[in-house]
Amino acid sequence: MLFKRIENKEIETAKKLYDIWQESYIVEKELIGAVDFPPLNRLASDFIKSENDFQGFYEKNELLGVIEIDSNLNSVHLQSLVVDPNHFRKGIATKLINKVFDLYPSSTYTVETGNSNIPAKKLYESLGFKKCKIWIAEFGIEKIKYEKK
């Protein structure tokens with residue numbers, strides 16, 4: 001098991017990010033019943049352009065999960081969290097979030113997910129995140145925002 005910062009500016013790496021995003025978010029799209037799901041529209045070139053940090057979870061040189069972090073002086077936002085569907089329910093998401101807590105000390109952490117994504121909501125709540133907002137986002141998806149202080 002290895003955590004590693006992902007160099008998203010490299011084309012081959014961006015393609016790997018694209019692939020795991022597609023695999024993971026197609027499951028979430030189905031789970032929340034979305035017709036159009038914006039994370040699936042992200043291209044490899046979007047990863048190259050991103051200024052966010054990406055941390056990966058590897059096992060035997062295979063990328064099994066990625067967390068995308070948008071951090072500033074006041075807070076850390078968990079922008080995206082994806083796990084290869086073949087490795088769901090193995091604690092990878094928990095390990096990635098805990099790694100963010102270690103690497104990005106902050107007084108406030110935030111994360112958003114689809115309000116009907118029960119596994120994600122249980123994960124965030126188990127790690128101390130508190131519900132702070134529910135709204136209808138773009139494409140009619142009901143979202144929930146969590147905060148941890």
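Every heavy atom of this structure was used, including side-chain atoms; hydrogens, water molecules and symmetry mates were not.
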Q: Give a yes or no answer on whether the side chain of Lys143 reaches the backbone of Gly114 with a donor-acceptor pair at less than 3.5 Å.
A: no
Q) Tyr104 side chain to Tyr109 main-chain N or O, any donor-acceptor pair under 3.5 Å? A)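 Absent.
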With sequence neighbours excluded, give me every side-chain hydrogen bond (donor to acceptor under 3.5 Å, both in side chains) pair touching [range].
range: residues 122-133; value: Glu125-Tyr146
range: residues 30-50; value: Arg42-Glu68
range: residues 70-79; value: His77-Thr110

Kindly list each side-chain donor-acceptor pair under 3.5 angstrom involving residues 57-66, sequence neighbours excluded, with atom names and distances?
none

Q) Rounded to the nearest 0.5 Å, how far does CD1 of Ile92 lie from CD1 of Ile67? A) 12.5 Å
Q: Report the distance from atom CH2 of Trp21 to atom CG of Leu40, rounding to the nearest 0.5 Å.
A: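 Taking CH2 in Trp21 and CG in Leu40, the distance rounds to 12.0 Å.
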Q. Does the side chain to side chain contact (heavy atoms under 4.5 Å, CB included) test come out yes or no for Leu123 and Ile97, once each step is laid out?
A. CA-CA 10 Å; Leu123 169 67; Ile97 294 170; 3.8 Å; yes
Q. Yes or no on side chain to side chain contact (heavy atoms under 4.5 Å, CB included) for Val82 and Tyr25, after CA distance, side-chain angles and deciding distance?
A. CA-CA 7 Å; Val82 295; Tyr25 276 124; 3.4 Å; yes
Q.
Checking salt bridge (charged side-chain N to carboxylate O under 4.0 Å, His left out) between Asp53 and each of Lys99, Arg5, Lys9, which is the one that passes?
A.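 For Asp53, the salt bridge (charged side-chain N to carboxylate O under 4.0 Å, His left out) test succeeds with only one of Lys99, Arg5, Lys9, which is Arg5.
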Q | Contacts of type side-chain hydrogen bond (donor to acceptor under 3.5 Å, both in side chains), residue Glu142, not counting sequence neighbours | A | Asn115
Extract all donor-acceptor atom pairs below 3.5 Å that involve side chains of residues 10-20 and protein atoms in other chains or at least two apart in sequence.
residue: Glu10; atom: OE1; partner: Thr13; partner atom: OG1; Å: 3.2

